[in-house]
J.: 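One structure follows; several queries about it will come next.
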Amino acid sequence: MSEWTECLNFGVSLCKQTGDVILSAFQQQKEVTLKSSPADLVTETDQRVEKLLISAISSRFPQHRFIGEESVAAGERLQLTDSPTWIIDPIDGTVNFVHRFPFVAISIAFTVNKQLEFGIVYSCVDDKLFTAQRGRGAFLNGAPLHASGQEDVSRCVVVTEIGAERDDLALSTLTSNICRLLQLPVHGVRALGTAAVDMVQVAVGGADVYYHVGMHCWDIAAATIIVQEAGGVVMDTDGSVFDMMSRRVLAASSAIVARRIAEVIRAFPCRRDDEETAGSGV
Ligand code: LIP
């Protein structure tokens, strides 16, 4: 058993426990606060779940460090070090959660020496637990996952997101990307409203491509290792080496498809997640 399997198993048990907190709040009225834009929301449940996760993990592993979406939003410095680090999105798909659109997930990744050791994406409403540990495969509720291996881009289903950005450059870039893909043509373009659940569809083989510009490391860190362990590829949207802090990701069924998609999609400028800024944590 890898030395990190105990951490993975503990993370899975916490996802199930805090998943119940999310589900019990899912049908309730929610108090919503805005963050970086009118479409970037946070609720008391996001904050409560992140505190529960960090408190439980810290008690069990006091030397470990954290990168949490809502801790960073509250001003905590985002710094990925060589220490064992839990990268947490307590509710990925908060807009979905607020609207009761049934795709919300807890996303937990774990790194050591800045390398992903495992990832957990727990899609709470449909009780789908996606897991992967480095070198040991990817699983959905315990069943092995394999990417589609598709190499013909014209036979691909592509998943992406229209994130929280509402400025003209981001919106023109996002919409022109989708138009170029449809003109390839790809079979279809989909968006579920949660980067983590979007991205693991490549690991399931139900989608062949996922790309996103503007998301954060906590949205996609866990799904990255799940796709990789399912035989998919993960890179930057321009085809270069993936950088978890860049706020750009392209995951695909094969390197051939990834390179073809990288030829047609464009990125808009985003401040890196780990870029030092005075004041704001987002
Ligand atoms: C969300 C992502 C989604 C993106 C949203 C937001 P959150 O994460 O999962 O893909 O479109 O803008 O970033 O904020 O719900 O954790």
Side-chain angles (χ1 to χ4, degrees), residues 15 18-19 22 25-26 30 32-51 53 66-74 78 86-109 119-125 128 130 158-167 170-171 173-175 177-178 189-202 207 209-224 226-227 237 244-251 265 267-268 270-273 280-282:
C15 281
T18 48
I22 293 169
F26 190 75
K30 302 160 183 89
V32 180
T33 307
L34 302 187
K35 294 196 294 189
S36 65
S37 89
D40 188 7
L41 313 183
V42 62
T43 71
E44 182 275 335
T45 306
D46 295 76
Q47 294 161 338
R48 180 176 170 219
V49 167
E50 183 167 313
K51 287 190 176 88
L53 290 168
F66 299 91
I67 295 174
E69 176 178 7
E70 306 314 335
S71 306
V72 171
L78 191 162
W86 300 70
I87 303 174
I88 297 173
D89 187 342
I91 299 181
D92 189 50
T94 299
V95 171
N96 290 355
F97 176 65
V98 168
H99 289 266
R100 303 187 186 97
F101 187 75
F103 295 96
V104 293
I106 301 167
S107 180
I108 299 178
I120 308 167
V121 172
Y122 179 49
S123 182
C124 313
V125 177
K128 288 187 175 178
F130 301 86
V158 178
V159 185
T160 188
E161 279 296 327
I162 309 298
E165 301 78 14
R166 290 297 182 270
D167 62 277
L171 294 180
T173 306
L174 291 164
T175 49
N177 281 340
I178 290 173
V189 177
R190 304 283 184 271
L192 294 174
T194 148
V197 178
D198 285 335
M199 191 165 173
V200 295
Q201 302 312 314
V202 176
V209 178
Y210 167 72
Y211 74 93
H212 196 163
V213 177
M215 82 291 150
H216 295 280
C217 59
W218 47 74
D219 293 321
I220 50 96
T224 293
I226 291 168
V227 169
T237 49
M244 192 195 306
M245 296 298 164
S246 69
R247 299 183 63 194
R248 297 188 304 271
V249 67
L250 167 57
I265 59 176
F268 50 84
C270 293
R271 198 181 78 221
R272 290 176 56 87
D273 274 331
S280 153
V282 287

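Ligands are counted one by one from 1 in listed order, and the atoms in each one are counted from 1 as well.
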J.: Looking at residues at least two apart in the chain, or sitting in another chain, which of them share a salt bridge (charged side-chain N to carboxylate O under 4.0 Å, His left out) with E50?
T.: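 Listed in chain order: nothing, the list is empty.
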J.: Quick check against the 3.5 Å criterion: does D219 have a side-chain atom that pairs as donor or acceptor with the backbone of H216?
T.: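 Yes, the answer is positive, given that a donor and an acceptor are paired below the 3.5 Å cut-off.
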J.: Can you list the residues that meet the salt bridge (charged side-chain N to carboxylate O under 4.0 Å, His left out) rule with R166, with sequence neighbours excluded?
T.: none
J.: Any Lys/Arg nitrogen of K35 or E69 sitting under 4.0 Å from an Asp/Glu carboxylate oxygen of the other?
T.: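 Yes, K35 and E69 are salt-bridged.
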J.: Using a 4.0 angstrom limit on heavy atoms, which residues are close to ligand 1?
T.: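 Residues E69, D89, I91, D92, G93, T94, E161, I162, G163, A164, G193, T194, A195, H212, D219 each place a heavy atom under 4.0 Å from ligand 1, listed by chain and number.
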J.: Supply the atom-to-atom distance T33 OG1 to D40 CG, rounded to the nearest 0.5 angstrom.
T.: 11.0 Å
J.: Check ring pair (Phe, Tyr, Trp, His ring centres under 6.0 Å) between F26 and all other residues, then give those that pass, not counting sequence neighbours.
T.: none
